Amino acid sequence: MASSAGSAPPQQPLFRAVASSTRQIYQLLKCISFSPKVEVQLTHEGIRFAADHSRVMQGVAFLDKTLFTTYNLAWPSDAETMPRFQMNLPALLEALQIFGATDAAARAAKTDNDPFRSNVRNYRPDAFSHQTLGMPGTCCLVYEEPGSALNVILEESGVKTQCNMVTYTPEAPDDIPFDRNDLHFKMIMQARWLLDSLSELAPMSPARITVFAMQNAPYLKLSSTGAIGSASVDFSNGRELLETFSVMEPWVQTFKFDLVKSASEAMRIASKVSFRGDGQGVLSLQFMVEMEGGTVSFLDFRFVPYITQEDDEPDSESDEEG
């Protein structure tokens with residue numbers, strides 16, 4: 001006689017989501033791959049991935065539930081806390097490349113030697129891509145219970161692969177504070193203009209980049225000085241460049257160039273960027289990425305500036321940011 005335990009229905013996982021393609025997930029997560037560790041928070045609206053670099057740079061990629069064909073989270077919607085864990089981001093990206101994201105990864109590899117390449121053609125599928133050929137494929141994310149592994153199940157053309165990603169207790173660092181009620185300036189422009197400006201400054205091998213936001217011309221200025229020389233890029237207050245322009249108070253802050261450059265992948269795939277600075281000197285870059293099917297996803301980066309009185313001191317002290 002069969003035991004009653006054997007007839008019990010299988011326990012539903014805490015979280016399960018299915019996507020018809022891994023390409024879009026890969027593209028968004030690749031933008032915050034400047035840190036090997038990422039903190040994941042599961043919510044009823046989507047999955048939040050946050051990467052942190054020495055508490056001076058933070059990148060957040062939010063995968064909205066609309067990116068998934070199935071999205072279930074067995075957690076009270078009114079709970080004070082949501083499920084959170086930490087995991088290895090390079091391992092997750094490697095798993096996503098097994099099938100569907102291989103095409104995107106191959107195209108992205110072409111830009112490794114030119115990190116400032118424009119986004120105009122970088123992610124268009126070619127004639128032999130999986131997307132063009134119509135190859136079916138799914139990606140299923142399963143999180144059984146708090147403390148368990150994150151299971152990534154990929155299936156394409158009848159071939160199924162399961163990768164179990166080890167999760168860890170999150171270190172629970174606070175988000176870099178950004179005061180939206182104390183904005184000193186806000187500008188919205190096409191993301192490729194910001195990417196192009198960094199490509200103009202990069203040949204000088206700069207250690208720092210200074211951002212000037214002014215109420216009069218040149219309105220927005222990016223300046224850098226390196227071992228080879230100095231360079232600057234000015235933005236005119238015109239609709240062809242700055243779609244939104246608002247400067248409440250003049251704002252000048254200096255940041256580590258390599259950290260800002262770490263957001264180049266987001267600049268490459270995004271259509272627009274919201275460029276903001278608050279009274280504490282924190283710089284916020286929020287990118288709007290147009291996804292397949294007409295949906296929109298956002299990437300949020302925050303940067304902590306150099307302390308003003310240290311600006312003229314040797315880099316050896318301030319390089320604690322790196």
Side-chain angles (χ1 to χ4, degrees), residues 27-28 30-32 34 57 59-61 107-108 110-124 178 183-206 208-226 229-248 250-278 281-291 296-303 305:
Q27 287 183 10
L28 293 174
K30 185 72 167 58
C31 294
I32 60 170
F34 57 85
M57 176 184 180
V60 176
R107 284 190 294 276
K110 296 178 183 178
T111 67
D112 285 347
N113 295 326
D114 184 10
F116 299 106
R117 182 183 176 187
S118 175
N119 64 343
V120 175
R121 299 180 61 186
N122 189 39
Y123 286 97
R124 288 181 180 175
F178 184 76
L183 285 182
H184 280 210
F185 80 93
K186 177 180 179 180
M187 303 177 188
I188 297 178
M189 69 179 82
Q190 294 188 46
R192 70 172 182 268
W193 300 139
L194 183 56
L195 180 66
D196 291 343
S197 67
L198 291 186
S199 68
E200 294 290 331
L201 302 178
M204 299 295 104
S205 300
R208 303 182 181 190
I209 179 172
T210 301
V211 180
F212 300 81
M214 296 162 281
Q215 296 168 327
N216 302 311
Y219 306 108
L220 176 63
K221 177 180 179 180
L222 305 180
S223 176
S224 66
T225 301
S230 61
S232 63
V233 177
D234 297 345
F235 291 82
S236 62
N237 182 17
R239 292 291 296 180
E240 68 278 4
L241 287 180
L242 303 177
E243 298 183 13
T244 297
F245 172 81
S246 178
V247 179
M248 283 62 76
W251 194 88
V252 180
Q253 295 293 342
T254 301
F255 306 86
K256 190 169 184 178
F257 183 83
D258 285 345
L259 295 185
V260 179
K261 188 179 69 173
S262 297
S264 296
E265 185 70 15
M267 301 176 198
R268 186 179 298 115
I269 70 171
S271 56
K272 296 182 181 181
V273 57
S274 176
F275 205 106
R276 303 176 296 174
D278 70 359
V282 176
L283 175 66
S284 168
L285 300 179
Q286 188 176 63
F287 298 92
M288 184 180 77
V289 183
E290 298 177 357
M291 312 302 290
V296 173
S297 293
F298 292 93
L299 297 162
D300 188 18
F301 291 82
R302 296 179 183 180
F303 304 89

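Just so we're clear, the structure is a prediction, and the values are computed from it rather than from any experiment.
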Could you check whether Phe298 and Phe287 have their ring centres less than 6.0 Å apart? no
So which atom in Met267 and which in Leu198 form the shortest heavy-atom distance, rounded to 0.1 Å? CE-CD1, 3.4 Å
Please give me the minimum heavy-atom distance between Met248 and Gln215, naming the atom from each residue. O-NE2, 3.1 Å
Can you name the closest pair of heavy atoms from Ile209 and Phe257 and give their distance? CB-CD1, 3.9 Å
For Thr210 and Ser223, which I'm curious about, is there any donor-acceptor pair between the side chains at under 3.5 Å? no
Given Gln253, Met57, Lys256, the one that forms side-chain contact (heavy atoms from CB on, under 4.5 Å) with Phe303: Met57
State the CD-CG distance between Gln190 and Leu242, to the nearest 0.5 angstrom. 10.5 Å
Where do Met189 and Thr244 land on the side chain to side chain contact (heavy atoms under 4.5 Å, CB included) test, with the steps shown first? CA-CA 7 Å; Met189 69 179 82; Thr244 297; over 6 Å; no
To the nearest 0.5 Å, how far apart are CG in Leu220 and CG in Leu222? 5.0 Å
Hey, what do you get for CG (Leu285) to CZ (Phe301), rounding to the nearest 0.5 Å? 8.0 Å
For Leu201 and Pro206 the tightest heavy-atom approach is O-CD, 3.5 Å
Using 4.0 Å as the upper bound for N to carboxylate O, is an ion pair formed by Asp300 and Arg302? yes
With Lys272, the side-chain contact (heavy atoms from CB on, under 4.5 Å) member among Glu243, Arg192, Glu290, Gln286: Glu243
For the rings on Phe185 and Phe275, is their centre-to-centre separation under 6.0 Å? yes
Donor-acceptor contact below 3.5 Å, side chain Trp251 vs main chain Asp278: yes
Check salt bridge (Lys or Arg N to Asp or Glu O under 4.0 Å) between Lys186 and all other residues, then give those that pass, not counting sequence neighbours. none
In Å, rounded to the nearest 0.5 Å, how long is the span from OG of Ser262 to CG of Leu259? 5.5 Å
Can you check whether Ser232's main-chain N or O pairs, donor with acceptor, with Ser224's side chain at less than 3.5 Å? no
Can you check whether Phe235 reaches Tyr219 side chain to side chain, under 4.5 Å on heavy atoms? no
Between Gly59 and Phe34, which heavy-atom pair has the shortest distance, and what is it? N-CZ, 3.5 Å
Any side-chain heavy atom of Val289 within less than 4.5 Å of one from Leu299? yes
Taking all heavy atoms of Met204 and all of Ala231, pick out the closest pair and write down the distance. CG-CB, 3.9 Å
Less than 4.5 Å apart, side chain to side chain, heavy atoms only: is that true for Leu28 and Ser297? yes
